[in-house]
Amino acid sequence: MAKVDLARVGKNLVKSAESGESVELQTLWQDQPVVLLFLRRFGCQVCRWMASEVSKLEPELRASGVGLVGVAPEEFGLKEFKEGGFFKGSIYVDEQKKSYKDLGFKRYTALSVVPAALGKKVRDAASKASAEGIQGNFSGDLLQSGGMLIVAKGGEQVLLHFIQDSPGDHVALEDISKALGISATAKAGQKPVCNDDVCTR
């Protein structure tokens, strides 16, 4: 895992999905610890499932004074994502994808995304999403990967930096709680499967 330059990442601008205002990423951890879920795209079935999974922790995070933020690389699909109620935190868009680059979240090529999307982790994640009634679409940037960043209040330290190796990779709820030093009662759901019908088009 590459070392995160919080000062550099923190200067990147993200746009609030609520207000449309652009803010520096570091303002999100200025007054509280924060869990930042970097989505591949709003229409991704597996991303929607991951957002709903992390959202299970929202009551405990809020009670512990921890912010929950979702970041996506484009606005495409935002309305449908919000209407689906997949995420319980604040949503921002990194239109320049600068934070994605600075955090080491890779971009697939048209050739490398197909085998990645057909992998077992992705298939497992998509089947769990389907089991929970979460569907997806093939709209938007299909080549961006994501991950997670958990930052201590004031940017004192990075508590967790996770980079997806496969579109189906995610951080377990207990690992998020452990990184923050909080106890949580949320139970992990069944991870969905991502296959060629779900993630590659």
Side-chain angles (χ1 to χ4, degrees), residues 14-15 17-18 35-58 61 68-95 97 99-100 103-150 160 162-176 186-201:
V14 290
K15 185 166 79 172
E18 294 302 317
V35 174
L36 295 141
L37 173 64
F38 286 84
L39 302 161
R40 291 183 57 238
R41 58 188 180 88
F42 286 122
C44 167
Q45 181 187 32
V46 173
C47 298
R48 290 175 174 185
W49 176 80
M50 289 176 187
S52 68
E53 275 294 288
V54 172
S55 292
K56 292 176 180 178
L57 291 175
E58 193 275 336
L61 295 176
L68 178 60
V69 174
V71 180
E74 61 186 349
E75 281 191 54
F76 199 85
L78 172 61
K79 183 176 184 281
E80 185 181 332
F81 184 83
K82 286 169 65 175
E83 289 171 352
F86 302 112
F87 191 66
K88 304 286 188 255
S90 303
I91 302 172
Y92 289 82
V93 178
D94 179 0
E95 294 175 311
K97 301 179 185 170
S99 299
Y100 283 77
L103 290 169
F105 302 148
K106 69 183 176 186
R107 284 192 59 78
Y108 293 100
T109 65
L111 293 176
S112 67
V113 74
V114 175
L118 294 175
K120 182 176 181 344
K121 289 179 187 176
V122 180
R123 290 193 317 271
D124 289 347
S127 72
K128 290 176 183 178
S130 294
E132 292 186 25
I134 298 173
Q135 299 301 313
N137 62 50
F138 308 112
S139 302
D141 182 353
L142 303 179
L143 304 179
Q144 182 63 58
S145 69
M148 182 175 283
L149 182 69
I150 302 179
L160 185 142
F162 171 77
I163 300 172
Q164 284 184 320
D165 185 49
S166 148
D169 289 338
H170 70 288
V171 180
L173 298 183
E174 58 268 22
D175 292 338
I176 296 169
K187 300 287 184 222
Q190 290 292 321
K191 187 170 84 167
V193 172
C194 188
N195 56 36
D196 58 338
D197 292 328
V198 176
C199 293
T200 59
R201 286 185 243 163

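Numbers for residues simply follow the sequence, beginning at 1. Small disclaimer: the values here were computed from a predicted structure and weren't measured.
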If you define the side chain from C-beta out and look only at heavy atoms, does anything of V54 sit under 4.5 Å from M148? yes

Check whether any side-chain heavy atom of F87 lies under 4.5 Å from a side-chain heavy atom of L39, and answer yes or no. no

Within this structure, what is the CG-CD1 distance for the pair L78 and I91, rounded to the nearest 0.5 Å? 6.0 Å

Working note: V93 + V14, criterion side chain to side chain contact (heavy atoms under 4.5 Å, CB included); need CA distance, chi angles, decisive distance, verdict. CA-CA 5 Å; V93 178; V14 290; over 6 Å; no

Taking side chain as C-beta onward, heavy atoms only, is L36 less than 4.5 Å from Y92? no

Heavy-atom side-chain contact between V35 and V69 under 4.5 Å: no

Answer yes or no: is there an ion pair linking E18 with K82, defined by an N-O contact shorter than 4.0 Å? yes

Could you check whether D94 pairs with K15 (Lys NZ or Arg NE/NH1/NH2 to Asp/Glu carboxylate O, under 4.0 Å)? no

Please evaluate residues I150 and F162 with respect to the criterion side chain to side chain contact (heavy atoms under 4.5 Å, CB included), reporting the C-alpha separation (whole Å), side-chain torsions for both, the decisive distance (0.1 Å), and the verdict. CA-CA 9 Å; I150 302 179; F162 171 77; over 6 Å; no

Would you say Q164's side chain and S145's backbone share a donor-acceptor pair under 3.5 angstrom? no

Considering non-hydrogen atoms only, spot the tightest contact between H170 and W49 and give its length. NE2-CH2, 3.8 Å

For the pair F81 and F42, name the ring-plane relationship: parallel under 30°, tilted 30 to 60°, perpendicular over 60°. tilted

What pair of heavy atoms forms the shortest contact from E53 to L173, and how long is it? O-CD2, 3.4 Å

Quick one: are L160 and I176 in side-chain contact, heavy atoms under 4.5 Å? no

As a quick check of understanding, evaluate side chain to side chain contact (heavy atoms under 4.5 Å, CB included) for E95 and E74, giving each step before the final call. CA-CA 5 Å; E95 294 175 311; E74 61 186 349; over 6 Å; no

Which atoms form the tightest heavy-atom contact between S55 and K88, and what is the distance? OG-N, 2.8 Å

For C44 and R40 the tightest heavy-atom approach is SG-NH1, 3.6 Å

So D165 and K106, do their side chains get closer than 4.5 Å, heavy atoms only? yes

Interatomic spacing from CG in L37 to CG in L68 - rounded to 0.5 Å: 7.5 Å

Measure from the side-chain N and O atoms of D175 to the backbone N and O of V171, and report whether any donor-acceptor pair falls under 3.5 Å. no

Salt bridge or not for R48 and E80, using N-O below 4.0 Å? yes

